[in-house]
Amino acid sequence: MDKKVRVRIAPSPTGAIHVGLARSALYNYLFARKHGGTFILRIEDTDAARSTTESADAIIKGLGWLGITFDEGPYYQSRRMDIYKQYVDKLIKTGHAYHCYCTPERLAEERKKAEAEKRAWRYDKWCLHLTPDEKASFEAQGVKPAIRLLIPEGQTTFHDLIHGDITREHKDVDDFVAVRSNGIPTYNFVVVIDDYLMEMTHILRAVEHISNTFKQVLLYKAFGWDIPEFAHLPLILGEDKKKLSKRHGAMSLEEFRKLGYLPDAMVNFLALLGWSPGGDKEIMSRAELVDLFSIERINTSNAVFDMQKLEWMNGEYLRAPDTEKLLSAFQEWLQSQAITLPSECSADFLSKALPLIAERSRTLAEVYDSLFPYLSEDLVYDEKGVEKHFRKDPDAVKERLRLYRERLVALSEFNKETTEEALRQLIEELGIKAGLLIHPVRLAVTGRTVGPPLFDCLELLGRDRVLARLEVFGDYVEE
RNA sequence: GGCCCCAUCGUCUAAUGGUCAGGACAUCACUCUUUCAAGGUGAAGAUACGGGUUCGAUUCCCGUUGGGGCUACCA
């Protein structure tokens with residue numbers, strides 16, 4: 001790489017940040033880090049009607065959550081209008097652009113007509129041929145013109161780092177509006193100005209921009225500027241194989257965060273959606289991703305977002321042996337969801353409970369749910385479990401629970417070893433299988449049929465709560 | 001409709017002009033086990049179709065089909 005790498009993402013702040021944007025950001029970020037380059041955030045808010053500052057803030061926050069950080073920016077295009085203005089004037093002077101007085105109504109009508117005749121609609125360059133008198137007349141009527149780029153005859157080819165050469169005939173490219181009649185320039189215009197001024201070396205963005213690229217390349221040429229490298233990323237598709245959009249529901253970053261996905265897992269998963277390092281490696285740290293990433297290995301075909309695989313991968317990260325990290329991830333999650341744990345629920349308790357629970361969870365939300373029996377006294381007994389482990393022979397089970405409770409009362413020390421020993425002894429005396437006592441006890445003290453190994457649960461709960469719950473359970477099943 | 005992009009198991013993907021087309025998720029068995037997970041073992045599952053080029057193509061070329069994207073005074 002001869003020039004110092006400078007890349008960017010340029011989102012429009014028009015709604016929740018979804019995974020497609022997150023992945024584009026990630027690839028740009030990885031590419032910049034890998035080459036010691038600069039990663040820039042530019043907010044493309046030239047569409048005043050749809051842009052919101054909340055959305056811009058959400059983008060920054062969301063990417064920050066993923067640990068995708070910027071070296072420059074955010075730049076806001078809405079604050080750079082005077083810059084763009086100079087370049088428009090230049091374009092008019094050199095004859096690369098012209099004023100267009102066509103009303104939206106006329107354009108819409110023409111477009112409809114073309115559609116009815118199954119003709120491709122292109123702007124008919126009507127205003128290109130206006131005489132000075134006609135122009136003066138429009139001006140006198142107070143009609144504000146838009147400015148269109150004049151697309152010359154011929155064809156344009158650009159090289160795409162992922163797709164190779166892509167060519168389009170100019171007859172298929174519109175004389176697109178560069179500046180609206182209200183004076184605000186459009187995306188295709190400002191993106192070129194900014195990418196040039198900000199000295200972008202590589203543009204990595206989604207394939208949906210390929211058709212815009214021709215317009216942009218023509219603009220670079222009109223200005224006589226060097227054209228950056230382009231790499232058009234495959235799309236992320238929903239289960240229905242359509243481009244991700246609001247219809248797909250829980251696809252915003254915020255939603256994934258709420259569901260309890262870990263940023264590291266999210267980044268790992270997203271990296272693999274459209275790219276692979278080759279070989280079989282799938283679980284990769286950020287450092288490994290930076291090291292392994294290359295544009296050449298980005299795929300050409302679109303990828304379906306597989307929720308199940310994400311869940312699995314999140315589980316892998318949840319199960320990682322680093323308790324401290326898990327604890328802080330969980331606490332961070334609680335905070336982001338505005339959940340406060342009871343004060344007696346100490347960090348000490350959590351660091352004991354979390355590994356046991358996370359091992360059998362796939363998301364932090366699941367972790368939180370599994371924590372319930374340790375946070376609240378209002379147990380809800382699993383009805384199927386009650387049916388299975390109690391109702392078949394209630395008197396016998398009740399008696400066993402009573403006996404076990406007695407043993408627990410008598411223990412000099414209460415921990416997982418002693419409680420297990422007590423239970424083993426009891427079942428031997430009773431001549432029954434361990435399950436006949438273990439299952440009812442789990443149900444009695446947690447309300448659930450699933451969870452960490454029973455004696456770990458008992459230790460986590462502590463003697464007082466265990467004894468109380470064994471007693472309460474007896475009453476519960478009486479009814 | 002026009003233009004463009006794409007095509008390996010259901011999904012994410014690996015690989016090569018000659019391979020038993022590999023892995024992961026999901027699925028199904030079995031195993032481990034106090035439950036649930038996790039783990040282990042195994043099963044099933046793909047080169048869209050048709051033509052070329054070639055001794056040989058899943059790989060290169062063309063076409064068909066299919067999918068996707070774009071087609072705004074949105075980005």
Side-chain angles (χ1 to χ4, degrees), chain A residues 10-14 44-47 49-51 100 102-104 107-108 111 114-122 144-148 160 162-163 166-169 171-174 176-188 190-191 205-214 232 234-235 237 239 241-243 269 272-283 299-313 315-316 319 356-362 370 385 389 420 423 433-439 441-443 446 448-455 457:
Chain A
S12 58
T14 55
E44 309 234 324
D45 54 353
T46 56
D47 184 355
R50 298 197 311 152
S51 300
C100 174
C102 292
T103 61
L107 296 174
R111 195 171 298 127
E115 206 172 298
E117 294 168 24
K118 294 198 182 276
R119 244 174 41 229
W121 158 255
R122 295 278 100 83
K144 294 267 180 274
I147 295 171
R148 288 181 184 271
D160 187 285
I162 295 168
H163 296 280
I166 305 176
T167 302
R168 181 170 293 189
E169 301 290 333
K171 66 175 170 55
D172 296 321
V173 182
D174 229 355
F176 68 92
V177 170
V179 184
R180 301 175 175 91
S181 52
N182 65 6
I184 298 176
T186 62
Y187 162 74
N188 275 309
V190 295
V191 75
R205 55 166 31 161
V207 272
E208 56 199 343
H209 284 290
I210 283 182
S211 48
N212 286 325
T213 306
F214 294 99
H232 286 96
L235 258 19
L237 272 23
E239 301 280 351
K241 304 216 175 208
K242 296 262 191 286
K243 186 170 85 160
F269 178 75
L272 254 17
L273 217 51
W275 171 84
S276 90
D280 294 337
K281 200 165 174 54
E282 291 206 300
I283 302 290
N299 285 111
T300 48
S301 51
N302 297 340
V304 173
F305 192 97
D306 185 355
M307 205 60 155
Q308 286 186 310
K309 187 148 186 178
L310 204 216
E311 271 186 29
W312 163 78
M313 192 171 277
E316 289 291 305
R319 257 172 260 122
L356 287 167
I357 287 173
E359 195 184 330
R360 27 188 68 70
S361 306
R362 288 162 97 86
S370 299
H389 300 299
E420 173 156 17
L423 185 132
K433 283 197 284 186
L436 283 178
L437 192 47
I438 286 177
H439 298 312
V441 171
R442 186 199 315 283
L443 192 59
T446 68
R448 303 182 179 199
T449 57
V450 300
L454 178 67
F455 306 105
C457 294

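Throughout, protein chains are lettered first and strands after them, A, B, ... in sequence-line order, and every chain is numbered starting at 1.
Applying the 4.0 Å criterion to OP1 and OP2 of B:A14, one finds that A:Ser276 has a side-chain N or O inside that range. Put simply, A:Lys281 has no side-chain N or O that comes within less than 4.0 Å of OP1 or OP2 on B:U13. In this structure, A:Arg111 reaches the B:A72 phosphate: one of its side-chain N or O atoms is under 4.0 Å from OP1 or OP2. Considering only side-chain N and O atoms, A:Arg180 lies under 4.0 angstrom from the phosphate OP1 or OP2 of B:C74. Taking 4.0 angstrom as the limit, A:Lys242 places a side-chain polar atom (N or O) nearer than this to OP1 or OP2 of B:G68. Considering only side-chain N and O atoms, A:Ser301 lies nowhere under 4.0 angstrom from the phosphate OP1 or OP2 of B:C5. For A:Arg448 and B:U35, the shortest distance from a side-chain N or O to OP1 or OP2 is not below 4.0 Å. The side chain of A:His232 contributes no N or O atom lying less than 4.0 Å from OP1 or OP2 of B:C5.
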Please list, for nucleotides 18-22 of chain B, all pairs of protein and nucleotide N/O atoms separated by less than 3.5 Å.
none

Identify all pairs in which a protein N or O lies below 3.5 Å from an N or O of nucleotides 36-41 of chain B, and state each distance.
{"from": "B:C36", "atom 1": "O2", "to": "A:Arg360", "atom 2": "NE", "distance (Å)": "2.5"}
{"from": "B:C36", "atom 1": "N3", "to": "A:Arg360", "atom 2": "NE", "distance (Å)": "3.1"}
{"from": "B:C36", "atom 1": "N3", "to": "A:Arg360", "atom 2": "NH2", "distance (Å)": "3.0"}
{"from": "B:A37", "atom 1": "O2'", "to": "A:Glu359", "atom 2": "O", "distance (Å)": "3.1"}

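A:Ser211 contributes no side-chain N or O that forms a donor-acceptor pair with the base of B:C4 under 3.5 Å. Judged by distance alone with a 3.5 Å cut-off, no donor-acceptor contact links the side chain of A:Arg168 to the base of B:C4.
The NZ-C1' distance, from A:Lys241 to B:G67, rounds to 7 Å in whole Å.
Shown here are the side-chain hydrogen bond (donor to acceptor under 3.5 Å, both in side chains) partners of A:Arg119, two or more places apart in sequence or in another chain: A:Glu117.
For the atom pair CG (A:Asn299) and CG (A:Leu272), the distance works out to 10.0 Å, reported to the nearest 0.5 Å.
Counting non-hydrogen atoms under 4.0 angstrom, A:Asn212 reaches a base of the nucleic acid. Among the protein residues, A:Thr300 comes within range of the sugar-phosphate backbone only, with heavy atoms under 4.0 Å from sugar or phosphate atoms but none that close to a base. Counting any heavy atom pair closer than 4.0 Å across all strands shown, A:Phe305 reaches no nucleic acid atom.
Summarising the base pairing, B:A21 is matched to no nucleotide, lacking a Watson-Crick or G-U wobble pair whose two defining distances lie under 3.5 Å.
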